[in-house]
4 protein chains.
Amino acid sequence: MPMKKPCASRDNEGDNSTDTASERKSLRADARRNRERVLEVATKVFATEGLAAPIDEIADRAGVGIGTVYRHFPTKEALFEAVIVSFKQHLIEKAQEMLEQDDPDAAFYNFLSLMLRESSVNRSIIAAISSSPVNDHRQLTGISLDFKNILEKLLKHAQEARSVRDDIRVADVTAILFGLARSMEQYSDDPELPERILSVICDGLRGR
Amino acid sequence: MPMKKPCASRDNEGDNSTDTASERKSLRADARRNRERVLEVATKVFATEGLAAPIDEIADRAGVGIGTVYRHFPTKEALFEAVIVSFKQHLIEKAQEMLEQDDPDAAFYNFLSLMLRESSVNRSIIAAISSSPVNDHRQLTGISLDFKNILEKLLKHAQEARSVRDDIRVADVTAILFGLARSMEQYSDDPELPERILSVICDGLRGR
Amino acid sequence: MPMKKPCASRDNEGDNSTDTASERKSLRADARRNRERVLEVATKVFATEGLAAPIDEIADRAGVGIGTVYRHFPTKEALFEAVIVSFKQHLIEKAQEMLEQDDPDAAFYNFLSLMLRESSVNRSIIAAISSSPVNDHRQLTGISLDFKNILEKLLKHAQEARSVRDDIRVADVTAILFGLARSMEQYSDDPELPERILSVICDGLRGR
Amino acid sequence: MPMKKPCASRDNEGDNSTDTASERKSLRADARRNRERVLEVATKVFATEGLAAPIDEIADRAGVGIGTVYRHFPTKEALFEAVIVSFKQHLIEKAQEMLEQDDPDAAFYNFLSLMLRESSVNRSIIAAISSSPVNDHRQLTGISLDFKNILEKLLKHAQEARSVRDDIRVADVTAILFGLARSMEQYSDDPELPERILSVICDGLRGR
DNA sequence: CATGAATGAGCTTTCATTCAT
DNA sequence: CATGAATGAAAGCTCATTCAT
């Protein structure tokens, strides 16, 4: 939304999970390294300076030319979305682990806790995820769908174990998570604030 | 964050509650109309397009020249802060009313509900309030202080009436409110989502 | 030259010496006071901040509205020229006095010395006088003519007294004076520099 | 004085004499051509219209985009300083030649003469050099220092040959030169004026 | 493929000047 | 007459994006 020339329409956020296998293999080793380095740096820079960070800075810090950034990500927005995708991938993996290793109650609430903690580092990313127009609209695809699915699984298991109110839906959880994640780190004077808030949310989700 | 030269002095955010009467009177009738029109339009534009909105657009939509905007608000940042101040003023008034007319429980929870509803209209404004550097940093002044105070009163009364957990502090409420307010409107497909979220929060705040 | 919109042509710098009597009398007392106050302040401001100084500042410091400045001086450039005129008037008076009271040699060289000293205060004014397009072009009128005339008289008397080389002309003196005046104050670390320079010039003008 | 944000660091005016070889080579051929073209045009434009000349015009006349100008010179001020540096370089070279080829007397006075002649073309440049804050303040660096040094050499040799008064210092010469250079071209109606002035200065410098 | 120079639309801000009050 | 609000043309500068090297 703050991006300057949104000329091109999107809706194609999802075609990445498949790319990973097909397209990536065709990249030369150094090219792949570059792509990953850029993504990594972009994550850090966007997290620190927000979307306003110039592409030049990302290129510089990644030690590549601007052209290279544009070769891998045709647009600043595309780069940003890639950052989000990779961040979601990270969350999905964590959720996966918890789902396999913990009991339903712990899995669900630990994931909440995790996200709230991650947020203090990646505020802008989270801000973007939750305000990205992709998120709310109709059909989810690719990563966003995967993310919703895993969250749904966490939620369903927790509800079956009576750890979460019956009427709660995934969207509720997402809204609460992304919302709070953003405002968490701001009140950093009080180190126990996050815990209190987490406890309020948990209590609320368990129901009376 | 994307603002260029925030060098300008702060500390002056608060001297408004009194200005309203004294200083405003000294403006010529048309000047005051313009100032208000600009503020009004800016609120709408910032809410829609975020801080990235160009001043030109605000001037255009307000039907004045760019210079007029700059006469009243010496900086884009100043304009934006004025918008926030006026929004907070509005919330304070509402809180005041509730404090006077409702019982402690209703006053507190109705105010939460109100803020969550307002947010669907003024997302960016809320986003900005909550990420504004003023908010988190030590000494609050002016409006921000007034806002904190009234919220504190609402909270204390509610706690004394056993409507809210004892350990909750104002900052917790603010964090929850502003956080959720932002993510509310995004999930607009499900009209009952806000209610469910509100109910989760309320349950959580009341404690087990 | 640095003025932004020089729309209107000039060449009418001279029609002032006559105004003084006719037009001025018709001004109300307060109007005349305003005019003089503006002129005075403008001199100071231009001398300090150069031509780049905004009209608003001059109006402010003079304690009048912008409109008042524009009533008396239809253009920024006009105001500036008025400043120059009044400065020249001041110099003319000084020259007059010296011409009457001192012997030719002293009159001439004291005037040089005076101008060089004045320059350290009014650098921008002098800079402007000497770079103003009015100065070099053909027919001089009004003050500029008066100034040239009195300087000519000083010079002629000095030459008749064998105090100045025969081949020197007024333009030479003006060029030397205005030129040096400007670069004088810059080398302010060495307090005796002006004296040495003055002595070089005087020696040079007297001839071998 | 009219420059907006001079905040930028200075101290870097001098590191050029060495750059010329090392750094310049790393620029692509077209980039170097552009840089030089811009510098060349800027010299002309500043000389004609003064510092007030808009960057756009320089870019246009150089046949490049505005961005290109800003790539090579991060600030209008930087561009202007580059112009001055290159002008001083030119003068230094001339002085060098004279120092090597002519006798002390001729070297010194020919250099004065040269500068006075150059000035008629590059008035604003000279104006700027002499009013540049670099010039008068304490520690000179880089080009400015080189320039002072070569002038000092010219002067010392001339003084040892009894061609210049003993008490004269470099600063005196600079002040006289830059001062007169500026006012020279203005009185262009009389083609012999420069010669007379030069002769006055020379006589003055030789002493009685 | 990688590079980074070039581009120029667009942004914020200033200020001479006009004109309603 | 005085005032200062309104105006809008510039100006300096940034940065997403393209394309020659």
Side-chain angles (χ1 to χ4, degrees), chain A residues 3-7 27-28 30-31 34 52-57 59-60 63-72 74-77 79, chain B residues 2-5 26-35 52-57 59 63-77 79, chain C residues 3-7 27-28 30-31 34 52-57 59-60 63-72 74-77 79, chain D residues 2-5 26-35 52-57 59 63-77 79:
Chain A
M3 210 78 70
K4 266 166 200 169
K5 300 162 207 156
C7 326
L27 286 175
R28 269 166 26 185
D30 59 337
N34 272 339
I55 289 280
D56 300 52
E57 192 184 328
D60 275 6
V64 301
I66 315 166
T68 305
V69 176
Y70 272 90
R71 163 160 299 276
H72 293 297
T75 281
K76 192 188 188 182
E77 204 170 5
L79 170 58
Chain B
M3 210 76 68
K4 264 162 200 170
K5 300 158 210 154
S26 68
L27 287 174
R28 261 162 39 183
D30 56 340
R32 197 170 66 236
R33 256 199 313 280
N34 272 334
R35 205 198 115 97
I55 291 283
D56 300 45
E57 192 184 329
V64 302
I66 314 163
T68 302
V69 176
Y70 274 91
R71 159 166 288 272
H72 292 297
F73 308 95
T75 283
K76 193 189 191 182
E77 201 176 11
L79 171 57
Chain C
M3 210 78 70
K4 266 167 196 168
K5 297 164 209 154
C7 327
L27 287 175
R28 271 167 24 188
D30 58 338
N34 273 338
I55 290 280
D56 300 50
E57 191 184 330
D60 274 7
V64 301
I66 316 166
T68 304
V69 175
Y70 273 90
R71 163 159 300 274
H72 292 297
T75 282
K76 192 189 189 181
E77 204 169 5
L79 170 58
Chain D
M3 210 77 68
K4 264 167 198 169
K5 299 160 210 154
S26 69
L27 286 175
R28 261 163 38 182
D30 56 339
R32 197 170 65 237
R33 255 200 313 280
N34 272 335
R35 205 198 115 98
I55 291 283
D56 300 46
E57 191 183 330
V64 302
I66 314 163
T68 303
V69 175
Y70 276 94
R71 159 167 290 271
H72 292 298
F73 309 96
T75 282
K76 193 190 190 180
E77 200 175 12
L79 170 57

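Computed from a predicted structure; not experimentally measured. Below, chains carry the letters A, B, ... as their sequence lines are ordered, and counting in each starts from 1.
Atom CZ in B:R33 sits about 13 Å away from atom C1' in F:dA6, given to the nearest Å. One can place NZ of A:K76 at 8 Å from P of F:dT17, the figure rounded to the nearest angstrom. Atom CG of C:D60 is separated from atom P of F:dA2 by 17 Å (rounded to the nearest Å). With rounding to whole Å, D:L79 atom CG is found 10 Å from F:dC13 atom P. Counting to the nearest Å, the C1' atom of F:dA9 and the CG atom of B:D56 are 12 Å from each other. For the pair D:I66 CD1 and E:dG10 P, the computed distance is 12 Å after rounding to whole Å. In this structure, CZ of D:R35 is placed 18 Å from P of E:dG4, rounded to the nearest angstrom. Atom P of nucleotide E:dA16 and atom CD1 of C:I55 are separated by 6 Å, given to the nearest angstrom.
Nearest nucleotide to the D:Y70 side chain, out of E:dT17, E:dT13, F:dC13: F:dC13. Side-chain proximity of D:T68 to E:dA6, F:dA6, E:dT13: nearest is E:dA6.
Under the 3.5 Å distance criterion, the side-chain polar atoms of B:K76 are matched with a main-chain donor or acceptor of B:A53.
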Intra- and inter-strand pairs of DNA chain F in dot-bracket (Watson-Crick or G-U wobble, both distances under 3.5 Å; | for another strand): .||||||||||||||||||||
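The line from NE2 of C:H72 to CG of C:L79 is 11.0 Å long, rounded to the nearest 0.5 Å.
For B:H72, a side-chain nitrogen or oxygen approaches OP1 or OP2 of F:dA6 to under 4.0 Å. Between F:dA2 and C:R71, a contact under 4.0 Å exists linking OP1 or OP2 to a side-chain N or O. Within the 4.0 Å cut-off from OP1 or OP2 of E:dA5, not a single side-chain nitrogen or oxygen of D:N34 is found.
The nearest heavy atom of DNA chain F to A:P74 and to D:P74 marks one nucleotide each, and the one closer to the 5' end goes with D:P74. Take the nearest nucleotide of DNA chain E for B:P54 and for D:V64: the residue whose nucleotide is more 5' is D:V64.
Contacts of D:D30 with the nucleic acid, taken as non-hydrogen atoms under 4.0 Å apart, involve only primed sugar atoms and P, OP1 or OP2.
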